[in-house]
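Reading through the structure tokens given below for one structure.
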Amino acid sequence: MKRIVVAGAGGFIAGHLVKELIKKGNKVRAIDIKPLNEWYQVSDEAKNLVLDLRLKENCYRAVNGCNEVFNLAADMGGMGFIENNKAACMISVLINTHMLLASRDCGIDRFFYASSACVYNGEKQTDTDNPGLKESDAYPALAEDGYGWEKLFSERMCRHFSEDFGLVTRIARFHNVYGPHGTYDGGREKAPAAICRKVIEGHLKSNKEIVIWGDGHQTRSFMYIDDCIKGIQDIMYSEIDFPINLGSSEMVSINQLVDIVEEIAGYKMERKYDLDAPKGVRGRNSENTLIKKHLGWEPSIPLKSGMKKTYNWIKEEITNNAKGKKRVSRFNK
Ligand code: NAD
């Protein structure tokens, strides 16, 4: 039985990862800075610790006595958050730096780092018809200001810890992940959850107007959480010793994403476009040649089916919140 540290476990992706690792019989130390009652999912079988992982001593406490580390802790959110909180995003560099030092000194066997498509050069994302970003498109570097530069720097730090200290590191560049138990309000939410929330609230209040950020033609791909959790583990236990895309290649415009949500809801809205809102790059997609070559697999859960599950979960949450019910979901094996 392995002892595994999951950092950022109170958040969306790492919460699902803890659940999966526990199901597989591992001993999991789940860590987040948020008080336990704000975690999205809590496993009663994990050792749950509330620690600020920007602090070096807390990283040693987190890692000591374990075999593997998955670092998904970061101060992050959707475009609305990262465009307005660049310094906060960059401070996450302390988390990965101290987690790497602690992992090196405590004899960790494998270290996973959650990077992002925001590392890619902005000049390769100026067209809605993006052919897909290859791993090599991160250089010459012109990452998303703040958040993307921190991810790129931390990727390189992982690489040098491997080269100089022999720590086995694995890095996935996530492209927009969505699904149940994610952020859907409060300012850190991403487009799929935000659109679901706006359509659900509009429907409940019989309000027809929906505000879309940008002109709606900007393109993205979205990966359902189950694909993400499989990909994280497959990359962690592979021989892939370079940053690799983990994303869907099913590219849609934001308008098409709204179409999908309206179809699920059975409710059509009138779109207003806020051209001054944060909108990010013009076009982004995941190019999956390398993941297919190395894993014989790529994320493939269709957007429509993933969005249906996400929509239903957010609807239930909004209904429960209106009744004053708590959000944390506890789970056992
Ligand atoms: P999330 O915000 O839901 O989870 C991140 C968690 O990290 C939060 O619970 C937060 O409280 C915790 N955290 C922040 N600062 C901390 C600290 N100092 N000490 C301990 N914990 C701290 O985000 P997520 O969507 O689950 O993303 C997980 C990882 O994947 C992040 O590194 C993120 O940058 C990366 N990523 C996510 C996406 C996506 O679409 N969700 C895309 C690209 C990359």
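- Salt bridge Arg159/Glu155: absent, no basic N to carboxylate O contact under 4.0 Å.
- Considering every non-hydrogen atom in both Ile225 and Ile13, the closest pair reads CD1-CA, 4.0 Å.
- Contact annotation: the side chain of Ile195 approaches that of Ile254 to within less than 4.5 Å [non-hydrogen atoms, C-beta and beyond].
- If you chain together hydrophobic residues whose side chains sit under 4.5 Å apart, Ile232 and Leu290 fall into the same group.
- Taking 4.5 Å as the limit, every side-chain heavy atom of Asp227 sits out of range of all side-chain heavy atoms of Glu298.
- When the side chains of ILVMFWY residues are joined at heavy-atom separations under 4.5 Å, either directly or via intervening members, Ile244 and Ile171 end up in two distinct hydrophobic clusters.
- Asp52 and Asn58 are not linked by any side-chain donor-acceptor pair at a separation below 3.5 angstrom, with hydrogens and angles left out of the test.
- Remark: Glu287 does not engage Lys134 in a salt bridge, criterion side-chain N to carboxylate O under 4.0 Å.
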| said: Quick one, Glu262 with Arg271, criterion salt bridge (Lys or Arg N to Asp or Glu O under 4.0 Å). Give me CA distance, side-chain angles, the key distance, then yes/no. | reply: CA-CA 11 Å; Glu262 285 179 339; Arg271 300 175 195 185; 3.0 Å; yes
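- Using modelled atom types, no side-chain atom of Lys268 and backbone atom of Lys208 make a donor-acceptor pair closer than 3.5 Å.
- Checking Asp75 against Tyr147 by side-chain atom types alone, no donor-acceptor pair falls below 3.5 Å.
- Asp105 places no side-chain N or O within 3.5 Å of a backbone atom of Asn64 that could act as its donor or acceptor partner.
- Side-chain atoms of Lys27 never come within 3.5 Å of backbone atoms of Lys2 as a donor-acceptor pair (strictly under, hydrogens ignored).
- Put simply, Val93 and Ile33 are part of two different groups of oily side chains (I, L, V, M, F, W, Y) that touch within less than 4.5 Å, one to the next.
- Across every non-hydrogen atom of Met251 and Arg284, the tightest pair is SD-O, 3.8 Å.
- Ile108 and Leu21 are not part of a single hydrophobic cluster, where members link through side-chain heavy atoms under 4.5 Å apart.
- The minimum heavy-atom distance linking Cys228 with Val177 is given by the pair CB-CG1, 3.9 Å.
- Using a 4.5 Å cut-off on side-chain heavy atoms (C-beta onward), Ser221 and Glu250 make no contact.
- In this pair, Trp313 and His181 present their aromatic rings tilted. The plane angle is within the 30 to 60° band.
- Residue pairs meeting the ring pair (Phe, Tyr, Trp, His ring centres under 6.0 Å) criterion with at least one partner in residues 191-219, sequence neighbours excluded, are His203-Tyr267.
- Judged purely by distance below 3.5 Å, without hydrogens or angles, the side chains of Tyr237 and Glu68 pair a donor atom with an acceptor atom.
- Judged purely by atom type and a 3.5 angstrom limit, Lys151 uses its side chain to pair as donor or acceptor with the backbone of Ala114.
- When all heavy atoms of Lys279 and Glu83 are compared, the closest pair comes out as N-OE2, 3.9 Å.
- Looking only at distances, a side-chain donor or acceptor of Asn71 sits under 3.5 Å from a matching main-chain atom of Ala73.
- The heavy-atom pair separating Cys59 from Met99 by the smallest distance is SG-SD, 3.5 Å.
- Residue His160 holds its NE2 atom at 10.5 Å from OG1 of Thr169, rounded to the nearest 0.5 Å.
- To the nearest 0.5 Å, atom CG of residue Asn85 and atom CE of residue Met76 are 12.0 Å apart.
- Between the side chain of Asn176 and the backbone N or O of Phe222 there is no donor-acceptor pair closer than 3.5 Å.
- Contacts classified as ring pair (Phe, Tyr, Trp, His ring centres under 6.0 Å) and involving residues 75-133 (residues at least two apart or in different chains) are given here: Phe70-Phe112.
- Of the possible donor and acceptor atoms, one in the side chain of Glu135 sits under 3.5 Å from a partner among the backbone N and O of Asn245.
- When side chains are defined from C-beta on, Leu133 does not count as touching Asn285, because their heavy atoms never get closer than 4.5 Å.
- A salt bridge between Lys308 and Glu263 is absent, with no side-chain N of the basic residue lying under 4.0 Å from a carboxylate O of the acidic one.
- Of the possible donor and acceptor atoms, one in the side chain of Arg220 sits under 3.5 Å from a partner among the backbone N and O of Val281.
- Using a 4.5 Å cut-off between side-chain heavy atoms of Ile, Leu, Val, Met, Phe, Trp and Tyr, with links allowed through other members, Ile82 and Met90 fall into different hydrophobic clusters.
- Looking only at distances, a side-chain donor or acceptor of Asn121 sits under 3.5 Å from a matching main-chain atom of Pro140.
- Between the CG atom in Leu94 and the NZ atom in Lys56 there is a gap of 11.5 Å [rounded to 0.5 Å].
- Looking at heavy atoms from C-beta onward, Cys66 lies out of side-chain contact with Ile4 at the 4.5 angstrom threshold.
- Listed here is the closest heavy atom pair of Asn288 and Pro299: ND2-CD, 4.2 Å.
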| Hey, mind stepping through Asp215 and Arg282 against salt bridge (Lys or Arg N to Asp or Glu O under 4.0 Å) and telling me if it holds? | CA-CA 10 Å; Asp215 65 5; Arg282 192 68 180 144; 2.8 Å; yes
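- A cation-pi arrangement, defined by a distance under 6.0 Å to the six-membered ring centre and an angle within 45 degrees of its axis, is absent between Lys292 and Trp297.
- In this structure, Thr128 and Ser253 have side chains that are not in contact, with every pair of non-hydrogen atoms separated by 4.5 Å or more.
- Using a 4.5 Å heavy-atom threshold, the side chains of Val69 and Val63 count as touching.
- Using a 4.0 Å cut-off between charged side-chain N and carboxylate O, Lys230 and Asp226 make no salt bridge.
- In this structure, Val6 and Arg29 have side chains that are not in contact, with every pair of non-hydrogen atoms separated by 4.5 Å or more.
- Annotation: cation-pi geometry not satisfied between Arg197 and Tyr184 (NZ/CZ under 6.0 angstrom from ring centroid, within 45° of ring axis).
- Side chain to side chain, Ser249 and Ser286 fail the donor-acceptor criterion of an N or O pair below 3.5 Å.
- Under the 3.5 Å distance criterion, the side-chain polar atoms of Lys272 are left unmatched by any main-chain donor or acceptor of Glu209.
- Phe12 is linked by a ring pair (Phe, Tyr, Trp, His ring centres under 6.0 Å) to His16, counting only residues two or more places apart in sequence or in another chain.
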